[in-house]
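Below you'll find the structure, written out as structure tokens, and then a few comments.
Every chain is numbered from 1, with letters handed out A, B, ... down the list of sequences.
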Number of protein chains: 2
Amino acid sequence: MTANLKVKPASATQKWVYSFGKEVCDGAASQKNLLGGKGANLAEMSRIGLPVPPGFTLSTEICTYFYQHGNSYPAGLEDQVAQGLAQVEKETGRKFGDKKEPLLLSVRSGARASMPGMMDTILNIGLNDETVISLGDNRFAWDCYRRLIQMYSDVVLNVAHDHFEDALDTYKRRNALKLDTDIDADGWKELVGAYKDIVRRDTGKPFPQDPQEQLWGAISAVFKSWMTPRAVTYRKLNDIPEDWGTAVNVQAVVFGNMGDDCATGVAFTRDPSTGENAFYGEYLVNAQGEDVVAGIRTPLPISQMQKDMPETYKELLAIREKLEQHYKDMQDIEFTIQNKKLYMLQTRTGKRTAQAALRAAVEMVEEKLISKEEAILRIPPQSLDQLLHPTIDPKAEKTVLTRGLPASPGAAVGIIVLDADDAEALAGEGKKVILCRTETSPEDIHGMHAAQGILTSRGGMTSHAAVVARGMGKPCVAGAGEILIDYKAQTLTVQGKVLKPGDTLTLDGATGEVLDGAMKMVQPAMTGHFATLMGWADAARRLKIRTNAETPLDAATARKFGAEGIGLSRTEHMFFDPARILYVRQMILAETSEERREALAKIEPFQKEDFISLFKIMKGLPVTIRLLDPPLHEFLPQEDAEIEELAKTLSIPPARVRQRIQRLHESNPMLGLRGCRLGITYPEIYEMQVRAIFEAALAVKKETGETVGLEIMVPLIATKREMDILKEMIDKTAKTLGATDYMTGTMIELPRAALRAGEIAESAEFFSYGTNDLTQTTFGISRDDAGAFLPDYQKNGIFAADPFASIDVDGVGEMVKIASERGRKTRAKLKLGICGEHGGDPASIAFFHEVGLDYVSCSPYRVPIARLAAAQAAIKDKPQAALAEKK
Amino acid sequence: MTANLKVKPASATQKWVYSFGKEVCDGAASQKNLLGGKGANLAEMSRIGLPVPPGFTLSTEICTYFYQHGNSYPAGLEDQVAQGLAQVEKETGRKFGDKKEPLLLSVRSGARASMPGMMDTILNIGLNDETVISLGDNRFAWDCYRRLIQMYSDVVLNVAHDHFEDALDTYKRRNALKLDTDIDADGWKELVGAYKDIVRRDTGKPFPQDPQEQLWGAISAVFKSWMTPRAVTYRKLNDIPEDWGTAVNVQAVVFGNMGDDCATGVAFTRDPSTGENAFYGEYLVNAQGEDVVAGIRTPLPISQMQKDMPETYKELLAIREKLEQHYKDMQDIEFTIQNKKLYMLQTRTGKRTAQAALRAAVEMVEEKLISKEEAILRIPPQSLDQLLHPTIDPKAEKTVLTRGLPASPGAAVGIIVLDADDAEALAGEGKKVILCRTETSPEDIHGMHAAQGILTSRGGMTSHAAVVARGMGKPCVAGAGEILIDYKAQTLTVQGKVLKPGDTLTLDGATGEVLDGAMKMVQPAMTGHFATLMGWADAARRLKIRTNAETPLDAATARKFGAEGIGLSRTEHMFFDPARILYVRQMILAETSEERREALAKIEPFQKEDFISLFKIMKGLPVTIRLLDPPLHEFLPQEDAEIEELAKTLSIPPARVRQRIQRLHESNPMLGLRGCRLGITYPEIYEMQVRAIFEAALAVKKETGETVGLEIMVPLIATKREMDILKEMIDKTAKTLGATDYMTGTMIELPRAALRAGEIAESAEFFSYGTNDLTQTTFGISRDDAGAFLPDYQKNGIFAADPFASIDVDGVGEMVKIASERGRKTRAKLKLGICGEHGGDPASIAFFHEVGLDYVSCSPYRVPIARLAAAQAAIKDKPQAALAEKK
């Protein structure tokens, strides 16, 4: 016990210290909250009989106490540490501070959640001028001692790191040595002297020789490292609460560097890249763990050990088997061999690629290690993204120009274009292009379609570019704020580098990186394991998965990915096609209902053809077609040249075009003349659409004999009366045309519609939650404008997640619940679905499962993710008993 | 029974016809739905023994039957009509169609709700070539006969009106006669011949001589008149359902024009202009009712009758007394005297001015005719508006230029100005100005303050101009779409007439009329009756009434009108003052928190002074101050000249000003960076405001010794965490300054806040419903943009009323209910109020009373309206028993 350790009396005697080792084991894996991840794991390894160097864990409760009581410890802790230490001494047969057989200790942090590299570790506690002699007085002993001084000074005494490096460099230069390994025993001894001088000079005190002072200094330093700025930042970024605290693990040190019968290594119980059931790892003979990490010597593959250390290898294989049987998952282990004796230092669930996760999960089911349900639960749904898109070759050398938001996964290579028309033109010539825009608008759709990837300098994860790109399954990096695009000068400037159209870029939509030049790509390989697991998922889930699709390409892609219908077909996306936008504009500029009908008559055949191709692709599966939704001015040209061209074509003065555009201007278009309000105000628009839909359905039925699963959806309903008026029009049109098989429903995307769902369900046969708009109106937040304060909102803990990416269960979620309950009370068989961005978010899908929706609809590339997430939700929803039974 | 009357058998025998008169009376006043207003009234008058010419009513159910069965009548009707007719014959001693003593009948419509002049009436049914002789064969008889032919031809036979007028004119010209009264018996006889010729020529048939045919023709014509276009339009405008139908009243005709012992007149039981308890009316000797209306002869005041017909006058006075005792309200009566015998033709509640309503109600309480509660219920709250503002002299001759929306009541005369600065300058010179703008923005506030009234060519009842004008109590006509304002040419063009600044206009904010030149004004006179009734109202209501006020003038006005505190003080309105807008802009353009603080430091003393004056005026009453709410760009200049001026003053390039304005641009500002989001993103703004508020409160307490009823309100809360963060800042600031007496609360104006009210109430000590924003988000409708579809929505019956004017009880109302219940569950004493536009709407106030709010807050000029509406809500809310007891 040292002088600078403050102690305050604690009111109750409590267990603060937990031993582990061969003889005593107080903890277990389940006590992660109390012992931290590492401590709980060491306890668990001890418990199942693995050879773990003995030690003890100071619980996370001490950390909490420490910070609540002005960096002091509870009474009784000192005694409990002494008892823990005595047990280690007993098991190792060594004594802490003993001159003959000194026990050396490591002191390591270990929080509930892994925070790699964020907190401190000190090795070789217990070495001093005397014990170093009994350790061997050889190169190894003095090397260990200098390592202690260096680490301890850095972590506990706050002596600057580079002083020691300077001394080491000076010594090597003076003695004409190149590598640390060239330094002999005397050299390290001399350096220990130099290091101790540094400590005295820098702190005004000698390096502490008392092992107890060393131990408590190290423990306090580790507790204190919980609050270093980098740890605080890491926790904020990873949503780790501050009050969790860290545990401290004190453990006997074992050495892998005492000679050629020593080694240290890391291994995975299966291949973490492929998931293959093969022991995978590497080791270094006569080395410390940090040497493996440092990468100075090249480690040997673990298979080599079979030859070099056959006994130990056999022991390791048995441990591998035991670990997988015990943890029922792939493990990532660390071990050390000290004089032929194997010690396990660490085991944890192994990080793996999505592909490896899939293969391991499927094979573990085949090996009867886990159930199908467990296999399904083991795959993070989001990770499937990696399997559906090309990725950058991990071996490629990268020049990162800047980083934006990882808005839509996949990687893309192409030449820069700054304009949608150019993108289309160049793509038509067979060029691969990256469309780079400050932000995109619906007028850029054709350019986005033509491009390999999309890059924007403004906008968030739910900006137009991001949403549309995800819908198309195209890579997108959005909001790369360091990029300046100058349309006039035709330049794209980033970090002072000026790029021009024609220069090549690579985008990584999974990381948000913008890379210079063309990177090598890896194409996705969907192996049989993918299909197997998805099959299990499909059997397990209750929710149906549909897709949001307008184009035949999207619809076909989604079918390939397993979509069971279309949940949202946005008819307005069909309006932007260059072949029809002129008629659309003519329709909007019409000043009488007759003029409007004329223009609509020209659009109608296009719409009908669109629907015919969608219906054919979906082969009788449900297809939900939404009537026109966005404000009309979205379709109008903005720039002078376009306006003049339009005016010429329509033979009206440009001033009239401008006037009409001006008249259509709205202060808050999101809350303006859109959705079913268009259908009420300009009935002829919806009439045309409904006619085209029914005629298409009838044509397909006639041609293929298959009945279309037609669902007509009216957007933005706020009142029953709106629904009644429009349903009457739909039914009347159907009757006129002789159409019979269809449902009429509405989006629930306004709070009022959610509240009045009971009466709206009298007319509507299905509800589809438009959670984008519902989030906008429930929160009063425009998705387009949220960027100005969302960062501050996340920083201040107001939003845990972007509510447009993952549904706000408490608010928007209650709206969905209310509407579902009230709707089903009126119409028990009311079909319920969701077609907002949340339809592809696993957390949101779990919620939608819970509230009893029938389906979710998402963009094509998210369909597999949604299938898996829906299965996980269904499995988690089962009573635990039923789950256990199934195993 | 005539041949063209179709009859279908009805399944059940049912009572279709209700007699009234001295001997038999089947109906009563309570049967208005069945008998129509007129029929029920005739029955009621018979029932209480008034001299009513006998007759019978065909119920509204026949009208319904008529339209549901292809314009046919139920079986049994014919018999019932015959019975009714027999009773009339019995009571009058005359026979229908009798050649000696013919009974003449009138056939009149009478719906549930009054539809004056919208449907048809036919008099003197039963006259023909034979009966006319027995009627007297004199001038009177032939005059009656020609009137019948004329009316019947017009209404039943659809003969064009002007044929008869032509014939009459020709006759007068030929005989050199000027007036109808100059025509003698022979003349009318000759004209009857001419009229009959017209009928034969026009219809191919002679004028029907059969009295039964005449009767049924008239009945059918009246039922059919329910569906004439003008009746349909009237019902739409007045929210009268089509399926109500009309009743038809058949009644013995009495004549006021049979000689000098005959007369006809109308009267009010009290003076309808002043409410004075004096018999008020006029009559014409020897005249028909239509002569009084036609205005050819000048009627005599009713007091004259005391001399001329003392007996009848006495009888009339007794009836007046009886009617008031029976109906307990001022009556509007019609009567006819036939050969000295008085007949009552009509009685109904008399229309009156607001002033008359007040006086009559108060005096009737004093006369113990009605209870105080009844007096309170009798005044339409909206009508008080008439008493608070100057009005145009009703006798003035008016040239109406155009009509806009009656956006803010009161009348104003002034010269046209097209610019807010000019308005201020000219008003400064003592000129009275009318500010005319396409629409107004917050930058026009000083001009609106300076103006007598405001006229806009764009915007609705809740446009900026309308809302602010109502707040200021200034007359406003908004959205006068026929007006074209050309700022460049400095002209205001209306209906081709070009006006210029300096020309004089008069606005009538109560009717929406824009009048040429200066009209004579009548100043409001608030008599003691106003004070008396408002005193009773104050005693009866439970809701407190506060006002929305920022300026000392508004606050003082509101106090005068009885406001019990300020429910909403919009601090941003203080930002537009020319003396500080520059600093506000500097603050917004700041690029660092320090720069922002510097600018804010300049604004702070102004804010403090503002608060000090408000607190002093409100003398300890509660004052709710809302922290900054609108998007910042609202404060920035829009025009080039302004931008350059600002840039110069701030010594930064105009380009930077433009850039920053551009950066602040939002797609949907209503859903953007505003409200508490400003306080989270730029904490220094709210910190400044909170400091200024507390310092002002402390200064006032020190000076006056009175504690300020301070309530600090945070706008646009969506989550508890926002409230927590800002409350912490407020509490910290209070602590630093030593302020103790205050409450912190929030506006509930987002659906999410309503749903999460339970947890928000953990931090918030009061809620104030911001129903403007809550309506916008619940409906997903922008108040500024609703104009594009609101007319279609009202036309299609989707909205019964503008939801921004009167609260949508079903949707927005449920939000308010949910929030109130959840909030009070957490905090039983949570103070609840409302400060949206709905706070001044009587229907909304009734709802707010019902859901248990503590107060409503409205613009100063609506405070009396709110006081009365709150009292009415409280009275209606009482159990009927309790109410009866109190009488």
Side-chain angles (χ1 to χ4, degrees), chain A residues 631 663-675 677-678 680-682 716 718-722 724-725 749-756 759 773-789 791-793 795-799 803 808 810-815 818, chain B residues 631 663-675 677-678 680-682 716 718-722 724-725 749-756 759 773-789 791-793 795-799 803 808 810-815 818:
Chain A
R663 228 184 304 157
L664 286 170
H665 172 79
E666 295 184 304
S667 306
N668 299 284
M670 202 56 80
L671 307 177
L673 177 53
R674 51 172 291 233
R677 297 165 198 167
L678 289 169
I680 301 281
T681 310
Y682 303 119
L716 216 70
T719 68
K720 175 176 188 289
R721 179 95 183 111
E722 292 166 312
D724 287 344
I725 292 171
E749 47 190 338
L750 296 175
R752 194 179 191 283
L755 293 178
R756 306 306 297 168
E759 58 182 25
D773 267 297
L774 194 56
T775 300
Q776 293 198 112
T777 46
T778 301
F779 272 101
I781 293 179
S782 156
R783 204 165 61 156
D784 296 329
D785 303 313
F789 54 90
D792 285 311
Y793 264 52
K795 204 176 71 193
N796 281 294
I798 297 168
F799 290 157
D808 159 49
D810 288 346
V812 181
E814 187 176 1
M815 282 290 171
I818 288 174
Chain B
R663 228 183 303 157
L664 286 172
H665 173 79
E666 296 184 303
S667 308
N668 299 285
M670 203 56 79
L671 307 177
L673 177 54
R674 50 172 291 233
R677 297 164 197 166
L678 288 169
I680 301 280
T681 310
Y682 303 119
L716 216 70
T719 68
K720 175 176 188 289
R721 178 97 182 109
E722 292 167 313
D724 287 345
I725 291 171
E749 46 189 340
L750 297 174
R752 194 179 192 282
L755 294 177
R756 306 306 296 167
E759 57 183 25
D773 268 296
L774 193 58
T775 300
Q776 293 198 111
T777 46
T778 301
F779 272 101
I781 293 178
S782 156
R783 204 166 59 157
D784 295 328
D785 303 313
F789 53 92
D792 285 311
Y793 264 53
K795 203 177 70 194
N796 280 294
I798 297 168
F799 291 157
D808 159 49
D810 289 345
V812 181
E814 187 178 359
M815 282 291 171
I818 288 174

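Between L750(A) and G780(B), the closest heavy-atom pair is CD2-CA, 3.6 Å. Among all heavy-atom pairs drawn from T777(A) and P751(B), the shortest one is O-CD, 3.3 Å.
In this structure, chain B has heavy atoms under 4.5 Å from both the backbone and the side chain of L673(A). Within the 4.5 angstrom heavy-atom criterion, only side-chain atoms of I725(B), from C-beta onward, approach chain A. For A786(B), no part sits under 4.5 Å from any heavy atom of chain A, backbone or side chain. With a 4.5 Å cut-off on non-hydrogen atoms, D773(B) does not touch chain A at all. Residue L678(A): no heavy atom, backbone or side chain, is found under 4.5 Å from chain B. For chain B, the nearby part of T719(A) is the side chain; its heavy atoms alone come within less than 4.5 Å. Contacts between R756(A) and chain B at a heavy-atom distance below 4.5 Å involve the side chain alone, from C-beta outward.
Of the inter-residue distances, the one linking R783(A) atom CZ with L671(B) atom CG reads 12.5 Å to the nearest 0.5 angstrom. The CZ atom of R752(B) sits 12.0 Å away from atom CG of L774(A), with the distance rounded to the nearest 0.5 Å. One distance of note links CZ of R677(A) with CD1 of I781(B); it measures 4.0 Å at 0.5 Å rounding. Atom CZ of residue R721(B) and atom CG of residue N796(A) lie 6.5 Å apart, to the nearest 0.5 angstrom.
Counting heavy-atom pairs closer than 4.5 Å to chain A, the top residue among I818(B), D792(B), D810(B) is D810(B). With respect to chain A, the highest number of heavy-atom pairs below 4.5 Å among V812(B), I680(B), D724(B) belongs to I680(B). Per-residue heavy-atom pair counts under 4.5 Å with chain A were compared for T681(B), L664(B), T778(B), and the maximum is reached by T778(B).
Residues that satisfy the ring-ring contact (aromatic ring centres under 6.0 Å, His included) test with Y682(A), not counting sequence neighbours, are absent from this structure. The ring-ring contact (aromatic ring centres under 6.0 Å, His included) search around F789(B) returns Y793(B), not counting sequence neighbours.
Put simply, the side chain of N668(A) gets close to the backbone of M670(B): a donor and an acceptor are under 3.5 Å apart.
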